[in-house]
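Here's the structure we're looking at; comments come further down.
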Amino acid sequence: MRHVSFVLAAVLLSPLASAQPAVPADTFNALFGNTCMTHLYAPEGLTAWMAERNLAPLEDAVAQSFLHGKPGKAWAITLDGDQYAVSRTDAGLCAVYARRMDGEQLQSRFAALVGKAPAPMTARATPSPAASTPTRRSVSYVWSWPDEKTSGLMFTLTTTDEVDAPLQAMASLARVNLDDGSAGEPTPSSPH
């Protein structure tokens with residue numbers, strides 16, 4: 001697949017992503033854009049971005065809560081008084097988690113962020129690897145190049161309205177194999 005960092009950067013410069021965070025959903029999307037989208041192919045860039053903000057990786061025992069048993073790194077972040085975590089597995093799955101989030105608002109804002117890919121890429125809604133339930137909603141979009149038939153980028157957002165859930169939102173980004181619809185690594189199934 002082509003190197004798409006410039007394409008992802010174009011999305012981050014869009015009015016939605018560059019607007020001053022007004023609501024937690026905007027902060028969540030900005031964090032997702034600045035970490036997972038910007039540093040998709042540059043894990044060292046993500047590590048440097050965190051270090052510039054004096055954020056050290058979480059200890060392995062704590063990080064595993066966000067890495068789902070896979071090797072990688074995770075960080076805890078507080079922005080605008082809300083708690084978030086960012087993880088990136090060594091295989092390339094990047095995810096952002098929010099402790100408290102308005103799921104309906106986030107679903108709408110996330111769709112605006114990834115529901116349309118920068119040209120010449122195309123975006124399409126696709127079945128999510130995470131199952132939806134009455135209290136948990138999951139949506140996924142795939143971005144692909146017109147001439148690329150074997151791989152793409154899958155964006156997944158899972159939210160819950162369970163007030164007692166330890167996490168209420170998780171957005172992830174991973175390369176996927178389009179011929180069988182599977183990700184290079186499974187997407188975490190829920191924000192809890």
Side-chain angles (χ1 to χ4, degrees), residues 1 3-9 11-13 17-18 21 23-101 103 106 109-110 113-114 128-130 136 138 140 143 151 153-160 162 164-176 182-192:
M1 177 176 223
H3 186 65
V4 295
S5 293
F6 73 92
V7 173
L8 296 174
V11 170
L12 296 176
L13 296 175
S18 63
V23 294
D26 291 337
T27 301
F28 183 94
N29 277 343
L31 180 60
F32 183 69
N34 287 324
T35 57
C36 294
M37 292 174 75
T38 298
H39 302 290
L40 176 64
Y41 292 105
E44 66 284 349
L46 177 59
T47 300
W49 190 90
M50 295 295 182
E52 288 168 8
R53 286 149 185 82
N54 296 317
L55 298 168
L58 295 169
E59 293 182 21
D60 286 340
V62 177
Q64 282 307 308
S65 299
F66 303 104
L67 294 166
H68 306 275
K70 305 291 184 189
K73 293 180 181 176
W75 298 264
I77 302 171
T78 300
L79 296 170
D80 299 331
D82 294 315
Q83 296 174 325
Y84 302 92
V86 175
S87 67
R88 188 179 196 294
T89 68
D90 291 349
L93 175 71
C94 187
V96 173
Y97 301 82
R99 183 169 174 85
R100 297 289 167 246
M101 188 62 52
L106 182 55
R109 293 246 188 346
F110 188 78
L113 179 66
V114 302
S128 180
R136 184 179 65 215
S138 187
S140 293
W143 287 7
S151 63
L153 301 175
M154 180 179 279
F155 298 84
T156 299
L157 175 67
T158 303
T159 60
T160 183
E162 294 177 18
D164 294 335
L167 297 168
Q168 290 184 321
M170 186 269 314
S172 65
L173 173 57
R175 287 193 60 177
V176 292
S182 65
E185 173 179 343
T187 301
S189 61
S190 72
H192 66 272

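Note that the structure is predicted; figures quoted are calculated from it, not measured. Just so you know, these numbers use all the heavy atoms, side chains as well, and skip hydrogens, waters and symmetry mates.
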I want to check something: taking the side chain as every heavy atom from C-beta on, are [X] and [Y] in contact at a cut-off of under 4.5 Å?
{"X": "Thr38", "Y": "Phe32", "answer": "no"}
{"X": "Tyr84", "Y": "Trp75", "answer": "no"}
{"X": "Thr35", "Y": "Arg88", "answer": "no"}
{"X": "Pro24", "Y": "Asp80", "answer": "no"}
{"X": "Leu173", "Y": "Met154", "answer": "no"}
{"X": "Asp26", "Y": "Arg109", "answer": "yes"}
{"X": "Pro71", "Y": "Thr89", "answer": "no"}

Are there over 12 heavy-atom neighbours, none belonging to Glu59, within less than 6.0 Å of that residue's CD? no
Distance-only side-chain donor-acceptor flag, Arg175 / Ser151, under 3.5 Å: yes
Contacts satisfying disulfide (SG to SG under 2.5 Å) that involve residues 67-99 (not counting sequence neighbours) are Cys36-Cys94
Calculate, to the nearest 0.5 Å, the distance between atoms [atom1] and [atom2] belonging to [X] and [Y] respectively.
{"X": "Asp60", "Y": "Ser65", "atom1": "CG", "atom2": "OG", "answer": "11.5 Å"}
{"X": "Glu44", "Y": "Trp49", "atom1": "CD", "atom2": "CH2", "answer": "15.5 Å"}
{"X": "Leu106", "Y": "Thr27", "atom1": "CG", "atom2": "OG1", "answer": "10.5 Å"}
{"X": "Met37", "Y": "Leu31", "atom1": "CE", "atom2": "CG", "answer": "12.0 Å"}
{"X": "Leu157", "Y": "Ser140", "atom1": "CG", "atom2": "OG", "answer": "8.5 Å"}
{"X": "Asn34", "Y": "Leu46", "atom1": "CG", "atom2": "CG", "answer": "10.5 Å"}

Give me the atom names and distance for the closest heavy-atom approach of Asp90 to Gly72. OD1-CA, 3.3 Å
For Leu153 and Val176, what are the C-alpha separation, side-chain angles and deciding distance, and is it a side-chain contact (heavy atoms from CB on, under 4.5 Å)? CA-CA 6 Å; Leu153 301 175; Val176 292; over 6 Å; no
Measure from the ring center of Phe66 to the ring center of Tyr97 and say whether it is less than 6.0 Å. yes
Give the C-alpha distance, both sets of side-chain angles, the deciding distance and a yes or no for side-chain contact (heavy atoms from CB on, under 4.5 Å) between Met170 and Val96. CA-CA 6 Å; Met170 186 269 314; Val96 173; over 6 Å; no
N/O donor-acceptor pair under 3.5 Å between Thr78 side chain and Gly81 backbone: no
With distance as the sole test, does Gln168 use its side chain to make a donor-acceptor pair with the main-chain N or O of Glu162 at under 3.5 Å? yes
side-chain contact (heavy atoms from CB on, under 4.5 Å) assessment of Asp82 paired with Met101: CA-CA 9 Å; Asp82 294 315; Met101 188 62 52; 5.8 Å; no
Under the side-chain hydrogen bond (donor to acceptor under 3.5 Å, both in side chains) test, residues paired with Arg100 that sit two or more places apart: none
Could you list the residues that satisfy side-chain hydrogen bond (donor to acceptor under 3.5 Å, both in side chains) with Gln83, not counting sequence neighbours? Arg99
Just to verify, which of Thr47, Leu58, Leu67 counts as forming a side chain to side chain contact (heavy atoms under 4.5 Å, CB included) with Lys73? Thr47
